[in-house]
There are 2 protein chains.
Amino acid sequence: MINVAILGYGTVGSGVFEVLNENKESISRRAGQELHVKYVLDLRDFPGQPVEKVLVHDYEQIVSDPEVDIVVEVMGGVEPAYTFVKKALLAGKNVCTSNKALVAKHGRELMDIAKEKSINFLFEASCGGGIPIIRVINSSLTGDEIDEVTGILNGTTNYMLYKMSTEGCEFDTVLKEAQQKGYAEADPTADVEGYDACRKIAILSSLAYERYFDFEDIYTEGITKITPEDMEYAAKLGRTIKLLGTSRRLADGTCYAMVAPFMLGQNSPLYSVNDVFNAVFVHGNMLGDAMFYGSGAGKLPTASAVVGDIVDAAKHLHVNIVTNWNSTPAVLKPLDEVTGRFFVRIKKEAAEEAKKVFGDVEIISLGQLPQECAFITDEMTQGAFEEKLAQIGDQVLAKIRVKD
Amino acid sequence: MINVAILGYGTVGSGVFEVLNENKESISRRAGQELHVKYVLDLRDFPGQPVEKVLVHDYEQIVSDPEVDIVVEVMGGVEPAYTFVKKALLAGKNVCTSNKALVAKHGRELMDIAKEKSINFLFEASCGGGIPIIRVINSSLTGDEIDEVTGILNGTTNYMLYKMSTEGCEFDTVLKEAQQKGYAEADPTADVEGYDACRKIAILSSLAYERYFDFEDIYTEGITKITPEDMEYAAKLGRTIKLLGTSRRLADGTCYAMVAPFMLGQNSPLYSVNDVFNAVFVHGNMLGDAMFYGSGAGKLPTASAVVGDIVDAAKHLHVNIVTNWNSTPAVLKPLDEVTGRFFVRIKKEAAEEAKKVFGDVEIISLGQLPQECAFITDEMTQGAFEEKLAQIGDQVLAKIRVKD
């Protein structure tokens, strides 16, 4: 029998408890031994609920119990999660977590401890909810050199952009609706400003390129400036607007990573990923294009990913699973030097000036927006783009990156 | 150093050789040791090519060499692959294969030998080319009870159907084009009759439901009867026609599996999987919907999947990786009792009769096809459908399963 302790009985924690009970038989068979939840840690009481029997309020009881083999951290936030997880690892207990903030900030140190102790620190559920992308990178795409990871990594913003595109509503309207449906939190900053996606692309890029990406170094732009007018242009161009976390390893060995809204073309497999779904696109030098799609959030999909890690930990209680993690920092190319194409909306009277500055770009007009027009630039560095854009000055209404 | 022998230097075999050389450094790092190709077995000579140095013509030289740790079988076909692989396993050598015919026919026995010998028989590349679906089922979705697997599992037929749908051409025309482009073989039977997809859905279903599916028991219908007219109706209905391998585990514990063309709705994530791409949709009782997308065939994507297995074998040279494989046969529900909806094309004059027999179905007409009309039935068992269809008799022009 393998004893599990769950830290936190919130959305994900109660989901993990439910999955372990609901699928108990098959999970134990796959783990090779019965999995038993010995403790659930939470400050609250849950009188009358099944969890009551195993509920404890003091973490010391868990970390000092030598019978606990696997600690599941699903509290969220950096503290006290970090302190608890570190103590568990130092006590020789395997840890599985869904906590992207913890992994992005302290993953390096925690993985090093796990390796030294011949145990595991696993975090499949920290990126992409139920999508098993981390194990795919670590265990399946091992014959490849990955050179691009691009994901729709946040379900809340994907839902909001989808609603804006299909129903033409304003950002504020759709945010309120998302909050009412429970898709967005009361303080939506982490989602709509891209901070959540930023931590996820930092983790995925670190694994994909075997170089450490510090999330604080990643350029991050949210969706708060996206308007229904941008969506109308996107539709006219046969495109759609998605918040992407994207990174590449370039031929010269440098990398870049960013989170920003992109006008995405129909040929991208990410184009049709709608609603609260997430997806991660990966390009390998041998594999070519691949994409992994699923529920990006939600109690049970996320819990399913956590339980997948628990089973893996149970199968490797005293063996560190080799991962691609490498603590050497990635050499980041300044974004100014990264090339791309850009969609620009300008005042109608600036059209001739734009053609002079950006070359013979095609000017797009929408009947319903007579005061303005737009164009898509050729491929150029972001630095060159900003320089050219400055020449049009205050005639610029909006700019969005373009991806095919 | 870990020594590898590759059996067969055809498309996949030369791809494996290329991937192992091209990404040698990262692959060896991930495997934990240097991977060295000691032998390549082929009947042919390749004078002047790098492979020449390690080429052998006699399998005995490989199987009797105690230094060979991993045998890579990429010859295809059941014999002599089966004999060679069995000998290798009995000699205590790990085996990785891309050979779906071998796995579908002898996988049970070969996995049992590997387990007994504490080695591995791995076959990621046998289903879905570069898509790492087998390891996902075995190692990631372990917290779930999977209840559906549906895939576009054959790149050749997906390319053909895509061309028929976008260009309106006939089956024979598009087959010739696919043969000219090298997407279809001179004898296209295995692809267009669905036999290839049948072996793949048998393997995937066996792993997903932990019950053995014999491919010979799986109903298999190819795409040879699909016409441009069917495609025109599909377009009118906002649908598309795809060859799907699909299986489900039902609430009563029985399962079914089949390969057939389906009229697929736009809400399916498989709807936009076009060209030679493959994708596998999986539904888990906790995970919900997930999809895995990538190159279904081709030299390097398939080789990438084989090399992923080689790395996994290298990391587990003397440890059998626990898989979901179970040799107990699945209890198959007769297809007659399986429910679904059906698209039916009939002669114009049978419209009233169809409404009488099938209830108040909506009759669809296309201006360019004045002699006929069509409808989609309500949900019913296949047995009931066939009975009703018999009442319209020779007025029926075509029938295709429907999936949303």
Side-chain angles (χ1 to χ4, degrees), chain A residues 15-16 18-20 22-23 26-27 29-32 124 129-132 134-136 138-145 210 266 269 271-273 277 279 281-282 284-295 298 300-301 303-312 315 319 321-324, chain B residues 15-16 18-20 22-23 26-27 29-32 124 129-132 134-136 138-145 210 266 269 271-273 277 279 281-282 284-295 298 300-301 303-312 315 319 321-324:
Chain A
V16 170
E18 184 178 335
V19 172
L20 286 173
E22 186 72 32
N23 293 344
S26 58
I27 290 169
R29 187 172 62 243
R30 292 165 193 163
E124 181 64 81
I131 308 173
I134 288 180
R135 200 168 284 103
V136 163
N138 270 329
S139 307
S140 287
L141 307 187
T142 47
D144 268 72
E145 300 277 357
E210 296 171 274
Q266 289 187 5
Y271 175 87
S272 35
V273 175
F277 280 94
F281 169 91
V282 171
N285 70 339
M286 298 295 150
L287 175 68
D289 292 351
M291 187 183 76
F292 307 91
Y293 164 99
S295 295
L300 292 178
S304 158
V306 175
V307 173
D309 274 353
I310 296 175
V311 171
D312 216 9
K315 285 156 80 172
V319 185
I321 302 166
V322 182
T323 67
N324 290 354
Chain B
V16 169
E18 183 177 337
V19 173
L20 286 173
E22 186 72 32
N23 292 345
S26 58
I27 290 169
R29 188 172 61 243
R30 292 166 193 161
E124 181 64 80
I131 307 172
I134 289 181
R135 199 168 286 105
V136 163
N138 269 330
S139 307
S140 287
L141 307 186
T142 48
D144 269 74
E145 301 277 356
E210 296 171 275
Q266 289 187 3
Y271 174 87
S272 34
V273 176
F277 280 93
F281 169 91
V282 170
N285 69 340
M286 299 294 149
L287 175 68
D289 293 350
M291 187 182 77
F292 307 90
Y293 165 98
S295 295
L300 292 177
S304 159
V306 175
V307 173
D309 274 353
I310 296 175
V311 171
D312 216 9
K315 286 156 79 172
V319 184
I321 301 166
V322 183
T323 67
N324 290 353

A:Arg29 side, atom CZ; B:Thr142 side, atom OG1 - distance, nearest 0.5 Å: 11.5 Å
Heavy-atom contact with chain B under 4.5 Å, split by part of A:Gln266: neither
Heavy-atom pair count under 4.5 Å with chain B, highest-scoring of A:Gly294, A:Ser140, A:Gly308: A:Ser140
Options A:Gly129, A:Pro269, A:Gly298, ranked by heavy-atom pairs under 4.5 Å with chain B, top entry: A:Pro269
Member of A:Pro132, A:Ser304, A:Ser295 meeting the side chain to side chain contact (heavy atoms under 4.5 Å, CB included) criterion with B:Leu287: A:Ser304
Min side-chain heavy-atom separation B:Arg30-A:Glu210 under 4.5 Å: yes
Side chain / backbone / both / neither for A:Phe277 at chain B, heavy atoms under 4.5 Å: side chain
Top contributor to chain A contacts, counting heavy-atom pairs under 4.5 Å, from B:Ala305, B:Ala279, B:Ala290, B:Gly288: B:Ala290
Between B:Ile27, B:Val273, B:Val307, the one whose heavy-atom pairs under 4.5 Å with chain A are most numerous: B:Ile27
By side-chain hydrogen bond (donor to acceptor under 3.5 Å, both in side chains) - contacts of B:Asn138 (at least two apart): none
Top contributor to chain A contacts, counting heavy-atom pairs under 4.5 Å, from B:Asp312, B:Val306, B:Val311: B:Val311
Euclidean distance, B:Glu22 CD relative to A:Asn285 CG, rounded to 0.5 Å: 6.5 Å
Contact class of A:Ser272 relative to chain B, heavy atoms under 4.5 angstrom: side chain
Residue among A:Ala303, A:Pro301, A:Gly284 with most heavy-atom pairs under 4.5 Å to chain B: A:Pro301
